[in-house]
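Model, not experiment: these values are computed from the prediction. Both counts, for ligands and for their atoms, begin at 1 and track the order of listing.
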Amino acid sequence: MNTCQNKCVLKVLGVTKEYNHKNIIQNINIHLNQGEFVSILGPSGCGKSTLFNVIAGLLPPEDGQVFVNEKEVTGETGKVSYMYQKDLLLPWRNVIDNAILPLEIRGIPKKEARETVKAMLSIFQLADDGKKYPIQLSGGMKQRVSLLRTTMFSQEIMLLDEPFGGLDAITRMKMQAYLLEILNKIKGSVLFITHDIDEAIFLSDRIYIINGSPAQIVSEMVVPIKHASPEEMMTAEALRQLRSDILKCL
Ligand SMILES: Nc1ncnc2c1ncn2[C@@H]1O[C@H](COP(=O)(O)OP(=O)(O)OP(=O)(O)O)[C@@H](O)[C@H]1O
């Protein structure tokens, strides 16, 4: 299954990364097709964020290559957008001015950048919140601002590193539905890190399981029912089987 079928926007080939002469991830091969939502599911501490840092060009791999739209970009930053686990909003900037950061870095004048962000606020359900500061926002709102800022960098390929990890269960479910709604509007391709099996099943088209020490891709699974309803999540035999197959790999 490890081939590009539709247009392949991101390809990771044989990536190995070590810290202090110890391999953390080894010979990782993954790909992301245009418009796909693909999760990397694995236990805490196995090396998922390390893999994202290599893909984003923030860490050079010991071995292997990263391609974006067929062009090698190993070790190059600025090719994909990246949302970290923590929201990392600047407390002294309001919502709009937090979200314009990627545009400012690209040299777009502040006034123009603010107009661009303002036009997106309602899509992110932040229409009345542009002037608020991070301290005035709930956890879910902070993550929506982070996501907005991430899309301001690039909507083509987004790396989302456990964006809902710190949220309570109800907010997390709302954010998952909200993320799908946003993606439907902006048509991006997403690589998503999680260690929550049901979250991966609900959101993804495909799931890579990463495990071991050093961590490797131990399985690749296609989700048979896309965006299953809560009832299907509980009762569908195909999803029960998928959950069981995933558990065997972890
Ligand atoms: N800069 C570093 N120097 C040395 N070791 C590191 C460094 N960064 C991470 N590690 C180690 O590499 C391993 C993988 O870390 P990483 O953050 O990639 O895992 P993860 O799967 O994303 O974890 P989590 O799900 O808890 O966020 C861990 O054992 C971690 O302690």
Side-chain angles (χ1 to χ4, degrees), residues 2 10-32 37-66 68 73-77 79-89 139-140 142-143 146-147 149-150 153 157-169 171-173 175-176 179 189-204 206-221 223 242-243 245-250:
N2 201 4
L10 175 72
K11 190 155 56 169
V12 174
L13 273 188
V15 160
T16 294
K17 175 69 198 165
E18 62 172 47
Y19 287 127
N20 308 322
H21 307 296
K22 182 175 176 254
N23 280 359
I24 300 293
I25 53 175
Q26 186 167 293
N27 191 27
I28 302 285
N29 294 289
I30 60 172
H31 71 275
L32 176 68
F37 194 117
V38 174
S39 286
I40 314 270
L41 177 66
S44 186
C46 76
K48 303 181 296 296
S49 302
T50 302
L51 172 61
F52 266 23
N53 284 328
V54 171
I55 295 173
L58 299 170
L59 287 175
E62 265 59 51
D63 207 356
Q65 296 159 297
V66 178
V68 166
V73 297
T74 316
E76 288 179 36
T77 55
K79 304 297 174 192
V80 298
S81 58
Y82 188 177
M83 178 172 164
Y84 297 90
Q85 282 177 21
K86 293 212 173 91
D87 64 61
L88 298 178
L89 297 177
K142 283 183 194 163
Q143 290 308 83
S146 281
L147 194 58
R149 184 174 61 186
T150 306
F153 188 83
I157 303 170
M158 293 186 276
L159 309 183
L160 307 183
D161 188 350
E162 247 181 282
F164 311 141
L167 302 175
D168 64 85
T171 310
R172 192 177 180 132
M173 275 169 60
M175 286 296 293
Q176 290 165 356
L179 175 61
S189 313
V190 174
L191 208 51
F192 186 90
I193 286 180
T194 181
H195 46 233
D196 182 320
I197 297 175
D198 282 338
E199 181 167 80
I201 292 176
F202 175 65
L203 291 174
S204 313
R206 268 186 309 125
I207 301 173
Y208 288 107
I209 315 291
I210 185 168
N211 203 359
S213 180
Q216 294 181 290
I217 300 295
V218 294
S219 189
E220 178 189 357
M221 298 176 188
V223 178
L242 176 63
R243 211 175 276 115
D245 291 344
I246 291 174
L247 277 169
K248 281 183 201 142
C249 298
L250 291 171

Enquirer: Does some non-hydrogen atom of the protein lie less than 4.0 angstrom from atom 31 (O) of ligand 1?
Expert: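 Neighbour list for atom 31 (O) of ligand 1 is empty of protein heavy atoms (cut-off 4.0 Å).
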Enquirer: Spell out, as yes or no, whether a donor-acceptor pair under 3.5 Å connects the side chain of K48 to the backbone of I40.
Expert: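 Not confirmed, K48 side chain does not pair with I40 backbone.
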Enquirer: What class does the angle between the rings of F52 and Y82 fall in, given that below 30° is parallel, 30 to 60° is tilted and above 60° is perpendicular?
Expert: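 Aromatic pair F52/Y82 classed perpendicular.
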Enquirer: Among all protein heavy atoms, pick out the one at the shortest distance from atom 26 (O) of ligand 1; state its residue, atom name and that distance to 0.1 Å.
Expert: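 Result: S44 OG, 2.6 Å.
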Enquirer: Anything under 30° is parallel, anything over 60° is perpendicular, the rest tilted; go ahead and classify Y208 against H31.
Expert: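 Plane angle over 60°, so perpendicular.
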Enquirer: For F164 and E199, work out which heavy atoms get closest and say how close.
Expert: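 So the minimum-distance heavy-atom pair works out to CD1-OE2, 3.6 Å.
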Enquirer: Hey, is ligand 1 close enough to N20 that some N/O pair sits below 3.5 Å?
Expert: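 In fact, backbone or side chain, N20 has no N or O that close.
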Enquirer: Just need the protein heavy atom nearest to atom 19 (O) of ligand 1, so name the residue and atom and give the distance.
Expert: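 I find the closest protein heavy atom is G47 N, 3.2 Å.
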Enquirer: Which heavy atom of the protein is the closest neighbour of atom 9 (C) of ligand 1, given with residue, atom name and distance?
Expert: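 For atom 9 (C) of ligand 1, the nearest protein heavy atom is Y19 CE1, 3.3 Å.
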Enquirer: So which heavy atom in the protein is nearest atom 27 (O) of ligand 1, and how far is it from that ligand atom?
Expert: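 Nearest neighbour among protein heavy atoms for atom 27 (O) of ligand 1, to 0.1 Å: Q85 NE2, 2.8 Å.
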Enquirer: Give the atoms of ligand 1, by number and element, whose distance to some non-hydrogen atom of E162 is under 4.0 Å.
Expert: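 What qualifies from ligand 1 is 25 (O).
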Enquirer: To which protein heavy atom is atom 28 (C) of ligand 1 closest, and what is the distance rounded to 0.1 Å?
Expert: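 The closest one turns out to be G45 O, 3.6 Å.
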Enquirer: If we count only N and O atoms by modelled type, under 3.5 Å, do the side chains of N23 and T16 hold a donor and an acceptor together?
Expert: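 There is no such pair (donor and acceptor under 3.5 Å, judged by atom type) between the side chains of N23 and T16.
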Enquirer: Is there a side-chain contact between Q176 and D198 in this structure, where contact means two heavy atoms from C-beta onward sitting under 4.5 Å apart?
Expert: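 No; the side chains remain at least 4.5 Å from each other.
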Enquirer: Any idea which heavy atoms bring L167 and G139 closest together, and the distance?
Expert: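 Minimum heavy-atom contact is CD2-C, 3.6 Å.
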Enquirer: Which heavy atom of the protein is the closest neighbour of atom 16 (P) of ligand 1, given with residue, atom name and distance?
Expert: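 The answer is T50 OG1, 3.7 Å.
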Enquirer: Decide side chain to side chain contact (heavy atoms under 4.5 Å, CB included) for M83 and L147; before the verdict, give the C-alpha distance in whole Å, the side-chain angles of both, and the deciding distance to 0.1 Å.
Expert: CA-CA 7 Å; M83 178 172 164; L147 194 58; 3.8 Å; yes
Enquirer: Where is the nearest protein heavy atom to atom 25 (O) of ligand 1: which residue, which atom, and how far?
Expert: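 Closest protein heavy atom to atom 25 (O) of ligand 1: K48 NZ, 2.9 Å.
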Enquirer: Note the single closest protein heavy atom to atom 17 (O) of ligand 1, along with its residue, its atom name and the distance in Å.
Expert: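 Result for atom 17 (O) of ligand 1: S49 CB, 3.7 Å.
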Enquirer: Check this for me - ligand 1, I24, N or O atoms closer than 3.5 angstrom, yes or no?
Expert: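 Looking only at distances, the answer is no, because the N/O contact criterion of under 3.5 Å is not met.
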